[in-house]
Amino acid sequence: MNIELLFPTAIGIEDNTTDYKYDHQTLINLPYTTNEKFSSGHFEQTVDSYVLDNNVPNLRSWIQTNLNVYASYALSTDQKLKITQSWCIKHNDVPQHVFPHSHPNSIISGAYYVAADDQSAKLKFHRTSVSTYPSIQWQMDPNKSKDAPWNWDWQKIPVTSGRLVLFPSQMMHSVEDELTNKDVRCVLSFNTWFEGSIGNADRFTQLGAIQ
């Protein structure tokens with residue numbers, strides 16, 4: 001029997017193989033501040049909200065190239081996306097936790113890992129869609145569900161220095177370190193929006209004629 005995975009969510013993962021050490025050190029050394037209101041002191045965030053534009057042009061170009069490739073597959077469009085805000089979050093000798101959240105006012109978001117290793121907390125994605133059978137409860141067999149990703153409630157992506165993860169901005173994601181690892185973990189996050197105007201005048205005219 002063929003079992004088709006319908007309506008999957010496309011996640012893009014690409015590892016940077018260029019010499020990125022200078023750019024990483026630049027980002028780690030930027031001015032950071034702790035926002036107790038949102039982080040409970042668990043992480044620091046850069047004062048600058050446009051770190052890609054203002055500090056690391058070569059890295060920005062590499063990310064933009066991968067963003068273009070991912071967008072063409074994930075969105076099935078040749079319309080380019082531009083990077084809007086970009087900022088770094090750093091866990092420095094504190095538990096590696098970030099509350100579940102999504103990114104409003106953005107099409108595709110990304111996480112680029114400036115400092116991380118196999119001991120760092122993974123990036124956790126959450127399924128937020130409504131169950132196909134919301135009124136029925138059953139006990140799933142873990143041995144079966146591990147091979148059925150359409151049934152997963154969450155999935156964790158391993159992180160390492162130089163790894164870029166791209167995902168739809170509405171996806172809920174978080175960081176939950178079960179081991180309370182206190183090494184330095186630094187991630188550069190960014191949002192995007194379409195370049196130019198939204199919509200196609202010719203396509204709009206065609207649709208109007210059909211209606």
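Start at 1 with the first residue, then count along the sequence.
- Note that CG of L52 is 10.0 Å distant from OG1 of T84, once rounded to the nearest 0.5 Å.
- Applying the side chain to side chain contact (heavy atoms under 4.5 Å, CB included) criterion to P100, with sequence neighbours excluded, gives H126, M172, S174.
- Y22 meets the side chain to side chain contact (heavy atoms under 4.5 Å, CB included) test with T26; sequence neighbours excluded.
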L59 vs N16, side chain to side chain contact (heavy atoms under 4.5 Å, CB included): CA-CA, chis, key distance, verdict: CA-CA 9 Å; L59 180 58; N16 191 349; 3.9 Å; yes
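- Chaining together hydrophobic side chains whose heavy atoms lie under 4.5 Å apart places V69 alongside Y73.
- Nearest heavy atoms, E44 versus T34: CG-OG1, 3.5 Å.
- A distance of 7.0 Å separates OG1 in T160 from CG in D117, rounded to the nearest 0.5 Å.
- Aromatic ring orientation, H24 versus Y112: perpendicular (interplanar angle above 60°, classes split at 30° and 60°).
- Taking the ring pair (Phe, Tyr, Trp, His ring centres under 6.0 Å) definition, one finds that Y32 meets it with nothing, sequence neighbours left out.
- A ring-centre distance under 6.0 Å is not found for H103 and F190.
- Evaluated for a side chain to side chain contact (heavy atoms under 4.5 Å, CB included) with L30, the options V47, D48, N55 yield exactly one hit, N55.
- For H91 and H97, the gap between ring centers reaches or exceeds 6.0 Å.
- The side chain to side chain contact (heavy atoms under 4.5 Å, CB included) test applied to S189 returns W87, V187, not counting sequence neighbours.
- No more than 12 heavy atoms of other residues, nucleotides or ligands sit less than 6.0 Å from atom CG of D78.
- Here salt bridge (Lys or Arg N to Asp or Glu O under 4.0 Å) pairs that include residues 7-30, with residues two or more places apart or in two chains, are D15-R163.
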